[in-house]
Amino acid sequence: MAAHKPVEWVQAVINRFDDQLPVKVGQQNTHSKVSTEHNKECLINVSKYKFSLVISGLTNILKNVNNMRIFGEAAEKNLYLSQLIILDTLEKCLAGQPKDSMRLDETMLVKQLLPEICHFIHTYREGHLYAAQLRASASGVLFSLSCNNFNAVFSRISTRLQELTVCSEDTVDVHDIELIQYINVDCAKLKRLLQETVFKFKTLKKPAQLSVINSLEKAFWNWVENYPDEFTMLYQRPQADMAECAEKLFDLVDSFAESAKRKAAVWPLQIILLILCPDITQELCRETVDDSKANKKNFLDNLRKALAGHGSSKQLTESSAIACVKLCKASTYINWEDHSNIFLLVQSIVVDLKALLFNPTKPFSRGAGSQSADVDLMIDCFVSCFRINPHNNQTFKVCLASSSPPTFHFVLVHSLHRIITNSPLDWWPKIDAVYCYSGELRTMFAETLGRVVQSCTTHAPLKMTSSLTFKEKMTSLKLREKTADTDTKSHNLLLALVKLIHADPKLMLHNPGKQGSDIQSSTAELITGLVHLVPQTNMGDISPEAMEALLVLHQPETIEMWNPEAPIETFWDIR
């Protein structure tokens with residue numbers, strides 16, 4: 001049947017996929033989840049041969065689901081789960097297409113799909129249970145979509161920029177400009193975005209200018225992280241047209257930044273625009289510079305002063321920290337063998353940067369609403385400093401100290417995980433550079449496990465007796481909130497540690513110079529701790545992660561590290 005009627009057969013698969021979505025069949029069980037996953041895989045495979053048919057079918061399903069009227073919490077959950085399934089399937093179908101393979105009919109399909117995807121990105125609701133997942137999933141679809149259909153997405157962005165150049169209203173819709181953050185850009189596409197911005201920046205209203213500034217910075221990282229070889233090549237063979245464009249935009253943005261608040265908003269993009277100009281960064285390392293580059297020199301001087309806290313506002317100090325972390329991160333994508341002067345700029349700021357971000361007596365914070373952003377910034381800084389100089393362990397020791405804030409421990413463990421799992425460049429140092437700290441990491445795991453287990457067994461529900469005064473009740477509530485916050489941090493750190501074991505068990509098993517009995521004892525303690533976590537289904541993701549960690553610990557080459565002096569005997573003793 002499939003050979004004679006391919007269209008009908010593909011349509012049957014699409015209909016079956018549609019009929020088994022949670023919004024149609026209700027809450028999923030194990031069997032229905034397996035069936036849905038099978039349908040997804042089937043459509044992804046079919047899309048390699050009948051792309052237009054599959055994308056058209058999925059687009060129609062997404063439209064219909066988006067237009068459904070639902071009532072009740074359970075129905076709402078099923079709706080969101082269905083949308084996530086459809087978006088994930090779309091992303092994988094789009095990602096499976098060979099690059100630059102789109103035909104005219106497929107481009108028309110993309111124009112139908114694009115508004116549906118933008119709906120999820122534009123209507124993001126802060127705090128909604130599934131909103132962040134939906135936006136992330138839709139962003140993934142847009143990224144894959146723009147790989148072969150950049151012109152369609154670029155046209156939407158360019159049209160909106162043009163509309164905003166003649167807009168007289170103070171409140172402007174910048175949603176389409178924000179699409180810049182999520183698209184797949186290589187060197188040529190980034191150049192087009194910069195050229196378009198240079199052409200229209202001055203005529204935009206302030207909200208649109210700020211949106212462009214923020215979005216272009218994210219587009220730069222999309223380029224660097226997805227096409228690192230192109231960025232590395234920029235420092236081997238500088239591109240005059242890219243540098244010219246970046247310099248023009250730097251000057252436009254510099255004129256825009258007339259107040260401290262605006263400077264804080266634009267500094268992170270300005271450092272990136274300088275990075276795109278290798279010849280200018282080289283000139284800025286000299287004692288004197290040409291008058292046309294004086295504003296760049298002045299920018300770097302102000303950046304260093306703000307970082308060191310010399311008479312600058314808190315806002316500028318925070319912005320300088322963000323900009324300098326981006327400089328350090330970008331420098332790691334440039335080969336040291338290219339002898340780039342960008343490393344001189346890094347060396348001039350890195351000491352003050354680490355002093356600001358990793359001071360245990362005065363932890364870096366931009367306020368309650370930016371805690372996750374602060375952690376991300378510290379992780380970026382830690383990983384970048386490790387890649388620049390893996391043998392300088394000062395920051396490592398600060399984060400490892402038991403007296404340091406819990407955030408520092410969290411940053412350390414997540415940084416180590418990123419170093420292990422994200423190492424695409426040949427010159428990036430490997431995790432074995434810090435194997436010498438295995439003992440301290442095992443101690444952190446044991447202590448964190450103890451805190452989490454104790455909090456699970458000792459915390460009874462809070463009861464409010466009538467004999468307590470209002471003040472006593474409020475004090476008790478605040479104490480419970482503080483305890484709950486501590487428990488959450490310990491839980492998150494434990495999960496991160498278990499993932500770290502899963503990523504590289506050797507990091508926790510390294511025991512140079514120790515007696516076989518001591519090595520066996522530390523291995524037994526590590527494995528016993530993980531075994532204790534497996535049945536703890538009330539701990540969220542920790543239980544399945546503990547199982548995965550135990551599996552990698554039981555790989556033959558890893559078992560040999562349980563006790564190199566007597567691996568088989570140790571294996572049977574611990575078992």
Side-chain angles (χ1 to χ4, degrees), residues 99-100 143 146-147 150 180-195 215-247 249-250 268-285 296 300 322-350 353 376-377 379-392 415 418-433:
K99 200 173 181 188
D100 301 323
F143 183 85
S146 62
C147 187
F150 181 78
I180 293 170
Q181 301 176 25
Y182 309 111
I183 55 180
N184 183 317
V185 288
D186 58 16
C187 188
K189 291 169 183 174
L190 180 66
K191 217 179 297 179
R192 279 182 69 186
L193 286 169
L194 292 174
Q195 288 166 345
S215 298
L216 280 176
E217 191 235 308
K218 290 184 171 62
F220 169 82
W221 291 113
N222 276 343
W223 170 49
V224 171
E225 289 169 3
N226 288 285
Y227 301 93
D229 292 343
E230 285 190 353
F231 180 61
T232 302
M233 188 61 68
L234 190 72
Y235 272 76
Q236 294 169 347
R237 298 176 195 163
Q239 295 186 23
D241 51 350
M242 173 72 92
E244 181 187 4
C245 200
E247 186 179 8
L249 187 54
F250 181 98
L269 177 64
Q270 282 187 288
I271 198 73
I272 280 163
L273 293 171
L274 276 188
I275 290 166
L276 290 172
C277 307
D279 291 340
I280 292 177
T281 57
Q282 185 171 351
E283 187 176 340
L284 292 174
C285 292
K296 283 89 177 172
L300 286 175
I322 295 165
C324 290
V325 168
K326 294 184 187 306
L327 172 63
C328 292
K329 184 177 177 181
S331 75
T332 67
Y333 287 84
I334 301 165
N335 197 332
W336 284 88
E337 292 178 1
D338 295 334
H339 302 294
S340 170
N341 284 281
I342 196 170
F343 297 115
L344 295 176
L345 295 181
V346 170
Q347 288 168 4
S348 71
I349 56 95
V350 73
L353 178 62
D376 289 342
L377 188 71
I379 291 171
D380 274 344
C381 183
F382 187 106
V383 173
S384 300
C385 289
F386 174 82
R387 287 171 178 163
I388 292 166
N389 185 0
H391 304 295
N392 183 346
S415 298
R418 187 181 296 179
I419 290 163
I420 294 164
T421 57
N422 182 11
S423 296
L425 298 179
D426 295 339
W427 57 85
W428 283 358
K430 300 295 184 281
I431 195 66
D432 55 8

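The shown structure was predicted, so the numbers you read here are calculated from the model rather than taken from an experiment.
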Can you measure from [atom1] ([X]) to [atom2] ([Y]) and round to the nearest 0.5 angstrom?
X      : Y      : atom1 : atom2 : result
Phe343 : Cys328 : CZ    : SG    : 10.5 Å
Arg387 : Phe382 : CZ    : CZ    : 11.5 Å
Ile334 : Thr281 : CD1   : OG1   : 7.5 Å
Leu249 : Leu276 : CG    : CG    : 9.5 Å
Trp223 : Leu193 : CH2   : CG    : 12.0 Å
Leu327 : Ile342 : CG    : CD1   : 5.5 Å

Among residues at least two apart in sequence or on other chains, which ones pass side-chain hydrogen bond (donor to acceptor under 3.5 Å, both in side chains) with [X]?
X      : value
Gln236 : none
Ser215 : Gln181
Asn222 : none
Asp426 : none

Residue pair [X] / [Y]: nearest heavy atoms and the distance that separates them:
X      : Y      : result
Ile272 : Trp221 : CD1-NE1, 3.7 Å
Leu425 : Pro228 : CD2-CB, 3.9 Å
Val185 : Leu190 : CB-N, 4.2 Å
Thr232 : Asn335 : CG2-N, 4.5 Å

- Between Asn341 and Tyr235: side-chain donor-acceptor atoms closer than 3.5 Å: no
- Query: If we ignore angles and hydrogens, is there a donor and acceptor under 3.5 Å between the side chains of Lys296 and Gln270?
  - Reply: no
Any side-chain heavy atom of [X] sitting closer than 4.5 Å to one from [Y]?
X      : Y      : result
Leu353 : Cys381 : yes
Phe231 : Tyr333 : yes
Tyr227 : Cys187 : no
Phe143 : Ile183 : no
Leu273 : Leu194 : yes
Leu345 : Ser331 : no
Lys191 : Gln239 : yes
Val350 : Ile388 : no

- Flag the pair Asp380 and Arg418 as a salt bridge only when some basic side-chain nitrogen lies within less than 4.0 angstrom of an acidic carboxylate oxygen. yes
- N/O donor-acceptor pair under 3.5 Å between Ser146 side chain and Asn184 backbone: yes
- Message: Given 3.5 Å as the limit, does a donor-acceptor pair link the side chain of Trp428 with the main chain of Ile419, or not?
- Response: no
- With sequence neighbours excluded, what pairs up with Phe250 under the ring pair (Phe, Tyr, Trp, His ring centres under 6.0 Å) test? Phe299
- Message: Show every salt bridge (Lys or Arg N to Asp or Glu O under 4.0 Å) that has at least one partner inside residues 216-228, sequence neighbours left out.
- Response: Glu217-Lys326, Glu225-Lys329
